[in-house]
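Single-structure report; data block below.
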Amino acid sequence: VGYTKGMVAAAEPALKAAIQHAIKWYMYSDAVQLAEVLYTESKSDENLFLMGHAYFLSGQLGRAYAVLKGSNDPDCRYLFAMCCYKLDKLQEAEIALTGSLLESAQCKDLVHTQGAAEALLAKITKKSNRPNLGTECLRRSHALNPFLFSVYESLCASGKPPQDKDAFQAPASLVRAFSAAIETTVATTDPDGEPSAAPGSPGPVGVTAATPISETQTPSGPVLITPAVSSMVPCSFPGSTSIVPVPSYLGSPLPANFVTPSPRAQAPPSAAPPIKHREPPAPVRELRKSANVRFQTPETPAKPAAKASPAAPPGRPSTVMKFFSSSFNDSKRKAKTLGPSSRLNEESAGPMTPDPVLHKRMRTAMEESIHAALFILAAMGRVVEHLNSYRCHEALEAINDLPGPHAQTGWAYCQQGRAHFELTDYKSADSSFRMAKRVEAHRIDGMAIYSTVLWHLRRDTALSYLAHEVVAIDRMHPQAWCVVGNCFSLQKDHDAAVKFFQRAVQVDPSYAYAYTLLGHEYIYNEDFAKALSAFRAAIHCDPRHYNAWYGLGIIHYRQEKYAVAEGHFRNAVQINACSPVLLCYQGMVQHAQKKSMAALEMLTKALSLDEGNALAHFHKAVVLSALDSDDDALAVLQRLRQIAPRESSVYFLMGKIYKKLGQSDKAAMHFAWAMDLDPRGSQHMARDAAECPQLTDEDIRAAGEPASADTSASDI
């Protein structure tokens, strides 16, 4: 039989099903080939989206951009905007989403994306240096869909988290969209939970579900007639006419007369040891109880909870899907007993009218499911908000309050480790990160900070092992190369560390922490010009990255540009007011500018946050000595002597104060201890010690026995 125009309608459903199957099983090259054949057969917006989608998934962004350009279909425009963003064509991406470049433009005709278009617009505006508009887009996106947790994280990272207590409340439009997705799933699932004929799936050759069945057309199996106009399962959100891959629980579309074989009985897996975790809060427990009662169908009395069944294989629906499917098919079976006059009689050729009672039950169950899911996300959101506001103690409490087993996940342990890291409690941070690796050995997110923790603890063996591990997991992740860079930095190989931090920047040019680590390595090499460029690049990626502001302040402090350094430290303190290190350095530059009272206030505040901060103790003593409060300065130094018993500068400063007070014997003794602990600085110390007229060289040597310093160390 030769090619005829009638074959177009016959081939289209099969081609769509084949494309869907290829995408589901990651056969992207086949999906591209089939999509090109399909679009050649029928040049529609729906088929154009399929072809662009196949190009996008296969990594052919240029081809997807070329074929989608000029399309007015909403889904094609969204995918075109995504391609433009990936290709760094920001203006075209923004016009595709909003229709203009006006600041007040919104994605009005892309509402069916449920916040995804607004989130993409926020990325575009951030990349084009319009942070205020980006924040507004993020707020709209999160209001449309609170399940977009990355949007909430971006809001918190910008320093403007949602202040509304109902930030994790689903709008009615989202509930309707999710309910519509469930109803679509129910219509394609049989009573046993297996996928059956999808709305619009191909039946016999030349017949689709969208085609009315005449009296002469009698398919061999039951056919579900729906108002769907597509030959594939439509998009999960209403208002979209495009075709997207069906989720794994839907399976592949099958002919209407296809009988799904029953799966073979499988032996239950071996019993795993029980997981110990805390009980969730009372609202979640009550919600689970109500959900268990509600999920019983009216025709079946409630049964005691059965043993946990093994995980369903790919393509099978979840338990909630089975509930909706069983209720739907129970209604169909009841309709058969009502006679030919029933609205749900399957022998009727007209569209099937949904049962309003069933629809209400499904809607109520979905609302409860959404409420339970958002309860968990809200608890995680509190952790993110506290941590990005650097309220680390509150963040640790929020982590402990996470419901159920969510407090023992790799994500939770990494957040806990970061909180301890910000508090400069490196030993506790190390413990938390080790727990994260034990729970999720494949985890890479957060490992850059973990490597910095190991760098501070001088654990070169653990850091070397971590470097080998993360590179083996993912060589294309920027944090993996940051770990390797920190490993070489700890070994004093700063040139090699620079190369690996540069590689991290090449992998992800928007990763601010890689620029910061690179800047610190340049400082070690005393290449201040390149260090300034690296820190400025980090600030360009993330204006609230206080580590980069701190790096700029350090460079100008070492160059004795104290006014400029103070401005940078002030910016860092405004972002993270709970860092004792930042407060200490701000006090240091203020003292260098003769602002002694302001410096004393900053140093006192730093010590109130961390009583063990040796640097803050030392500079507080310096400021007190400059204010002629020598007795208070000596008291601070005595405390510091217990914290850092082998720090030569402590004994040297005590010697200067004793010399100032006229106590030459104590001054000589402390000068001798200082010279013994740091022979490299002995020339300056000897010059100050020689200015004590009542002491001879023998007196200094007699008083300078190093055993005194060692004894103090052993006592501690």
Side-chain angles (χ1 to χ4, degrees), residues 386-387 390-397 399 416-434 449-459 462-463 490 520 546-547 550 553-554 557 569 572-573 575-591 598-626 629 631-654 657 670 673-674 677-678 708-716:
H386 289 312
L387 203 50
Y390 300 101
R391 298 189 296 267
C392 298
H393 294 290
E394 290 84 347
L396 292 173
E397 294 177 0
I399 292 170
Q416 190 179 57
R418 182 187 166 191
H420 288 302
F421 170 76
E422 298 293 350
L423 293 171
T424 65
D425 186 0
Y426 299 125
K427 291 184 179 180
S428 298
D430 175 44
S431 177
S432 298
F433 281 116
R434 280 192 286 108
I449 293 180
Y450 183 28
S451 67
T452 304
V453 170
L454 295 176
W455 187 93
H456 281 288
L457 294 174
R458 300 293 188 266
R459 296 182 180 175
L463 184 52
L490 183 58
H520 285 296
Y546 76 88
N547 311 73
Y550 164 78
I554 287 292
Y557 177 75
F569 285 129
V573 169
I575 298 170
N576 183 4
C578 300
S579 173
V581 176
L582 296 179
L583 294 172
C584 178
Y585 271 95
Q586 187 174 6
M588 289 164 56
V589 295
Q590 288 174 340
H591 175 62
L600 183 61
E601 181 181 355
M602 281 293 171
L603 293 167
T604 303
K605 186 176 180 181
L607 288 173
S608 67
L609 295 173
D610 183 10
E611 294 182 356
N613 191 321
L615 188 63
H617 277 290
F618 179 80
H619 285 281
K620 183 178 181 180
V622 171
V623 173
L624 288 172
S625 177
S629 298
D631 293 336
D632 294 335
L634 286 173
V636 173
L637 290 172
Q638 290 291 349
R639 167 62 178 156
L640 179 57
R641 182 179 174 180
Q642 298 177 359
I643 298 174
R646 301 190 62 83
E647 183 60 47
S648 61
S649 57
V650 176
Y651 298 97
F652 179 65
L653 181 58
M654 293 180 72
I657 294 176
H670 285 84
W673 286 343
L677 290 172
D678 186 13
S708 302
D710 293 338
T711 303
S712 300
S714 61
D715 292 340
I716 296 174

Within this structure, what is the [atom1]-[atom2] distance for the pair [X] and [Y], rounded to the nearest 0.5 Å?
X: Ile657; Y: Leu634; atom1: CD1; atom2: CG; result: 4.5 Å
X: Ile449; Y: Glu422; atom1: CD1; atom2: CD; result: 6.5 Å
X: Leu607; Y: Lys620; atom1: CG; atom2: NZ; result: 5.5 Å
X: Asn576; Y: Cys392; atom1: CG; atom2: SG; result: 7.0 Å
X: Tyr557; Y: Gln586; atom1: OH; atom2: CD; result: 13.0 Å
X: Leu396; Y: Ser432; atom1: CG; atom2: OG; result: 8.0 Å

Can you confirm whether [X] sits close enough to [Y] that some side-chain heavy atom of one is under 4.5 Å from a side-chain heavy atom of the other?
X: Arg459; Y: Tyr426; answer: no
X: Leu677; Y: Glu647; answer: no
X: Asp430; Y: Arg434; answer: yes
X: Val581; Y: Tyr585; answer: yes
X: Val453; Y: His420; answer: no

For this session: Before giving the answer on side-chain contact (heavy atoms from CB on, under 4.5 Å), spell out for Arg458 and Leu490 the whole-Å C-alpha distance, their side-chain angles and the decisive distance to 0.1 Å.
Result: CA-CA 7 Å; Arg458 300 293 188 266; Leu490 183 58; 3.4 Å; yes
Short side-chain to backbone donor-acceptor contact, [X] and [Y], under 3.5 Å:
X: Tyr651; Y: Pro645; result: yes
X: Thr604; Y: Leu600; result: yes
X: Ser431; Y: Lys427; result: no

Exercise. Taking it one step at a time, do Ile554 and Phe569 satisfy side-chain contact (heavy atoms from CB on, under 4.5 Å)?
Worked result: CA-CA 9 Å; Ile554 287 292; Phe569 285 129; 4.2 Å; yes
Which atom names give the shortest non-hydrogen contact between [X] and [Y], and what distance separates them?
X: Ala572; Y: Tyr550; result: CB-N, 4.3 Å
X: Ala577; Y: Leu609; result: O-CD1, 4.1 Å
X: Leu653; Y: Ala621; result: CD2-CB, 4.1 Å
X: Ile643; Y: Gly612; result: CG2-O, 4.0 Å
X: Ala616; Y: Ala606; result: CB-CB, 4.3 Å
X: Ser625; Y: Ala633; result: N-CB, 4.0 Å

Exercise. Given the rule in the side-chain contact (heavy atoms from CB on, under 4.5 Å) test, do His591 and His619 qualify, once you have shown the distances and angles that lead to the verdict?
Worked result: CA-CA 9 Å; His591 175 62; His619 285 281; 5.9 Å; no
Problem set entry | Stepwise side-chain contact (heavy atoms from CB on, under 4.5 Å) test for Gln638 and Met654 | CA-CA 9 Å; Gln638 290 291 349; Met654 293 180 72; 3.2 Å; yes
Problem set entry | Centroid-centroid under 6.0 Å between Phe421 and Phe433 rings |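 No.
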For this session: Flag yes if more than 12 heavy atoms outside Glu601 fall under 6.0 Å of its CD atom; otherwise flag no.
Result: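 At most 12 heavy atoms, drawn from other residues, nucleotides or ligands, come within 6.0 Å of this atom.
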